[in-house]
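In what follows, chains are A, B, ... by sequence order, proteins preceding strands, each numbered from 1.
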Protein chains: 2
Amino acid sequence: MTKEKRVTLDDVASLAGVSAITVSRALRQPDVVSEKVRARVESAVRRLGYVPNPAARQLASGRSNVIGVVIPSVTNNVFADVLRGIYDGVGEAGYEIQLANTRYAPSLEENALRLFASQKPAGVIVTGFDQSDASADLLAGLACPVVQIMDHGPTPAQMSIGFSHFDAAVAATRHLIDQGYTRLGFLGARMDPRTQKRFNGFRQTAMLAGVYSERRVVTTPEASSVTKGAALLSDLLAIAPEVDAVFCNNDDLALGAVFEARRRRLSVPGELGICGFNDLEMMAAAEPPVTSVRTPRLEMGRRAIEAVLTSLAAGTRDTAAIDLGFEIVARESTARASTLLFHK
Amino acid sequence: MTKEKRVTLDDVASLAGVSAITVSRALRQPDVVSEKVRARVESAVRRLGYVPNPAARQLASGRSNVIGVVIPSVTNNVFADVLRGIYDGVGEAGYEIQLANTRYAPSLEENALRLFASQKPAGVIVTGFDQSDASADLLAGLACPVVQIMDHGPTPAQMSIGFSHFDAAVAATRHLIDQGYTRLGFLGARMDPRTQKRFNGFRQTAMLAGVYSERRVVTTPEASSVTKGAALLSDLLAIAPEVDAVFCNNDDLALGAVFEARRRRLSVPGELGICGFNDLEMMAAAEPPVTSVRTPRLEMGRRAIEAVLTSLAAGTRDTAAIDLGFEIVARESTARASTLLFHK
DNA sequence: GCTCGTAATGATAGCGCTATCATTACTTGA
DNA sequence: TCAAGTAATGATAGCGCTATCATTACGAGC
């Protein structure tokens with residue numbers, strides 16, 4: 001239980017034979033102090049094991065080293081990957097990630113943004129484009145870099161890094177149609193804004209191809225899960241037994257559908273095609289392997305934090321909407337067409 | 001873009017007609033100021049929309065409102081549930097959760113604890129008992145409440161909330177033996193300290209029952225995944241085709257094993273029993289439903305943060321090791337005995 | 001009546017940094 | 001030769017709170 005006094009800037013300063021403010025500068029803006037002084041300061045810092053006090057720094061400068069991250073869920077694999085990208089990307093840059101969990105509730109999102117705003121954060125990363133008016137105002141009022149992730153659109157608050165959920169659903173639906181499925185169904189859970197966009201892409205594409213029926217759309221406002229996927233497929237089959245393929249909101253549901261089909265001895269892809277969304281690791285390993293839409297989750301996280309750090313280093317506030325795209329990963333679960341794909 | 005000055009304690013004080021320090025007290029220790037003053041202060045706070053500045057508070061008091069949470073992975077479902085418990089439990093208590101991701105590396109754990117220590121955290125929650133000497137010293141030197149989670153043992157640094165991985169593995173192995181399996185195998189990934197304890201429980205129990213063979217233990221230092229579960233089962237079957245049941249390190253591996261068995265037309269539970277660990281949501285929904293060991297993940301998170309908050313409120317530092325136990329959830333994947341269990 | 005204890009409030013002095021404005025030592029051009 | 005610029009460093013004054021030590025008012029006890 002070391003009871004020594006905390007090492008402060010002054011301690012470093014007197015050891016290095018300079019003033020405290022010079023040490024401060026040597027640490028924060030190394031190019032404005034002379035080579036010689038910088039070396040002396042650095043050696044003194046090492047000798048004493050000096051660690052800056054973030055509270056004092058924040059109080060004096062009016063800025064904090066906190067990068068706020070607003071996500072709707074911490075238990076969702078999708079956000080877990082994004083988070084990993086963020087933590088990987090921030091590395092030892094001296095910033096702290098502060099997580100706020102909105103549980104898909106706009107009011108909690110507002111609370112979180114208000115809290116962040118009061119802390120004068122170094123940066124903010126927020127999920128999606130569909131903020132409430134109050135949240136949008138809070139975002140617009142932030143003086144720091146702001147990155148919206150997980151979605152793509154024409155009017156980001158500052159920067160956005162994501163992909164088009166609508167386009168991804170269109171591509172997935174086309175894939176099902178190309179495989180010869182003609183009575184498409186949709187399984188959806190939660191139905192948050194991005195899920196809704198996927199549904200819209202599905203509906204438009206299926207309608208244009210004449211393979212859409214509203215009877216074959218089964219959704220629930222509850223959270224997504226594998227169990228829910230099985231239940232939704234059961235519901236769908238009860239209502240519309242003619243369905244020959246389902247586009248699932250996400251991979252959890254798709255996996256549940258695969259299990260339910262197996263229980264009912266429905267052959268996949270022969271009698272029922274199943275397509276998921278996100279391409280979680282397990283989809284390739286499933287039996288049969290499940291077609292999904294690969295989304296750049298890790299990269300969104302990494303690029304988002306990079307964008308914040310770059311903007312912070314440059315002192316500029318860019319406006320840019322970056323589309324990282326997606327990829328249809330066709331696997332056996334939808335391989336009805338002659339071009340049957342085999343995956344180990 | 002409101003450019004108003006930040007509302008400070010002094011603003012509140014002059015509106016309430018008291019001194020700043022009294023406002024500070026009214027906010028932090030309401031019972032030492034008079035009823036009348038407290039009411040005036042509270043109304044002034046509301047009128048002005050005052051939000052305390054955490055940096056100033058921390059600098060002046062030498063304490064922060066940060067509760068540090070050290071976990072080995074953010075992409076693991078197991079920790080996602082624990083995190084959710086923590087975030088749920090901390091609620092609006094005015095503390096901030098700071099996450100540190102060690103990626104199972106002791107050196108990163110030390111770094112994280114050192115960083116936390118320098119911030120004089122309000123509390124620390126750390127995963128497991130198996131810290132390096134340096135990390136253990138850092139933990140011992142902390143003046144704040146410390147909770148170790150995810151494991152159970154006789155000598156917590158302060159408090160611990162978890163369960164015995166050894167005992168859980170013993171129970172799971174007994175279950176397999178009770179079902180009549182006689183050539184048990186083990187699939188393991190990562191092999192971190194808690195995984196190792198599970199293996200030890202498995203080995204001891206299987207040895208005592210005479211159903212153990214080292215040939216039937218297949219592990220990898222790499223991270224766990226469904227794909228890896230399928231690969232490990234393939235390896236095991238190549239080396240020891242006589243295996244009739246596998247105890248898997250965790251549910252990802254178990255699910256991969258189920259898929260691989262299906263690919264090989266091996267009947268589960270008839271030809272191969274499969275038991276997972278953690279009882280993730282998907283295990284019950286799988287086909288066949290998979291036996292697993294239910295672990296109190298959400299509750300560990302919730303109880304850990306509760307313990308920190310309680311200790312903080314009481315100003316005491318208890319020592320206690322709380323065992324939340326576990327539960328064997330027997331499902332079809334190991335139902336070889338006559339008492340076949342059906343689960344919807 | 002006077003000391004003493006107790007409850008409520010206030011004055012003062014930092015916490016450890018950084019923003020801002022000097023100051024110093026040199027260089028440079030007319 | 002000297003005003004004027006430039007680069008490097010320093011002195012000072014807070015940032016917004018809280019710890020600590022007064023101070024005040026008032027009733028209890030001898």
Side-chain angles (χ1 to χ4, degrees), chain A residues 4-42 44-45 48-66 94 96 117-122 143 312 315, chain B residues 4-42 44-45 48-66 94 117-122 143 315:
Chain A
E4 310 145 24
K5 269 197 112 51
R6 181 179 237 294
V7 178
T8 71
L9 257 196
D10 282 323
D11 301 330
V12 177
S14 54
L15 180 59
V18 294
S19 70
I21 184 66
T22 299
V23 175
S24 173
R25 275 195 282 252
L27 263 34
R28 289 175 304 136
Q29 324 167 43
D31 39 326
V32 304
V33 301
S34 68
E35 188 90 21
K36 216 164 59 178
V37 166
R38 187 171 65 239
R40 279 216 312 276
V41 167
E42 277 171 8
V45 164
L48 297 174
Y50 170 72
V51 181
N53 179 329
R57 197 169 249 194
Q58 172 173 352
L59 184 57
S61 68
R63 281 180 265 107
S64 79
N65 66 339
V66 168
E96 281 159 17
S118 82
Q119 292 187 48
K120 306 239 180 136
L312 240 25
Chain B
E4 308 144 24
K5 269 196 110 54
R6 182 179 236 294
V7 178
T8 71
L9 257 196
D10 282 321
D11 301 330
V12 178
S14 54
L15 180 60
V18 294
S19 69
I21 185 67
T22 298
V23 176
S24 173
R25 276 196 281 253
L27 264 34
R28 289 175 304 137
Q29 324 167 45
D31 40 325
V32 305
V33 300
S34 67
E35 188 90 22
K36 215 164 60 179
V37 166
R38 186 171 66 240
R40 280 217 311 277
V41 167
E42 276 171 9
V45 164
L48 297 175
Y50 169 73
V51 181
N53 179 329
R57 196 168 251 195
Q58 172 173 352
L59 185 58
S61 68
R63 282 180 263 107
S64 80
N65 66 339
V66 167
S118 81
Q119 291 187 49
K120 304 239 178 135

Subject >> Atom pair CD/CD of B:Q119 and A:E96 - distance to nearest 0.5 Å >> reply: 4.5 Å
**OP:** With side-chain contact (heavy atoms from CB on, under 4.5 Å) as the test, would you mind laying out the steps for A:Y50 and A:V23 before giving the verdict?
**Re:** CA-CA 11 Å; A:Y50 170 72; A:V23 175; 5.5 Å; no
**OP:** Assess whether side-chain contact (heavy atoms from CB on, under 4.5 Å) is satisfied between B:L15 and B:V12, documenting all intermediate values.
**Re:** CA-CA 5 Å; B:L15 180 60; B:V12 178; 5.9 Å; no
Show each protein N/O and nucleotides 17-21 of chain D N/O combination with a separation under 3.5 Å, one pair to a line.
residue	atom	partner	partner atom	Å
D:dC17	OP1	B:Y50	OH	2.6
D:dC17	OP2	B:L9	N	2.8
D:dC17	O5'	B:Y50	OH	3.4
D:dT18	OP1	B:R28	NE	3.3
D:dT18	OP1	B:R57	NE	2.9
D:dT18	OP2	B:S24	OG	2.2
D:dA19	OP1	B:R63	NH2	2.8
D:dA19	OP2	B:R28	NH1	3.2

Original post:
From B:R25 CZ over to B:I21 CD1, what is the distance, rounded to the nearest 0.5 angstrom?
Top reply: 5.0 Å
**OP:** Starting at OG of A:S14, measure out to CG of A:L9 and round the result to the nearest 0.5 Å.
**Re:** 10.5 Å
**OP:** Starting from the 5' end of DNA chain C, give me the residue, B:S19 or B:L59, whose nearest nucleotide shows up first.
**Re:** B:S19
Original post:
Got more than 12 heavy atoms from elsewhere within 6.0 Å of CD, A:Q29?
Top reply: yes
**OP:** Please report, rounded to the nearest Å, how far the P atom of D:dG16 is from the CG atom of B:D11.
**Re:** 9 Å
Original post:
Does any non-hydrogen side-chain atom of B:R40 lie less than 4.5 Å from one of B:V18?
Top reply: yes
Subject >> Euclidean distance, A:N53 CG relative to B:Q58 CD, rounded to 0.5 Å >> reply: 6.0 Å
**OP:** Measure the angle between the two terminal helix axes of the helix from C:dG1-D:dC30 to C:dA30-D:dT1, five base pairs each, and quote it to 10°.
**Re:** 50°
**OP:** Would you mind reading off the distance between B:D31 atom CG and C:dT9 atom P, rounded to a whole angstrom?
**Re:** 13 Å
**OP:** Measure from CZ on A:R38 to C1' on D:dA7 and round the result to the nearest Å.
**Re:** 14 Å
Original post:
Are any of B:S34's side-chain N or O atoms less than 4.0 Å away from OP1 or OP2 of C:dA8?
Top reply: no
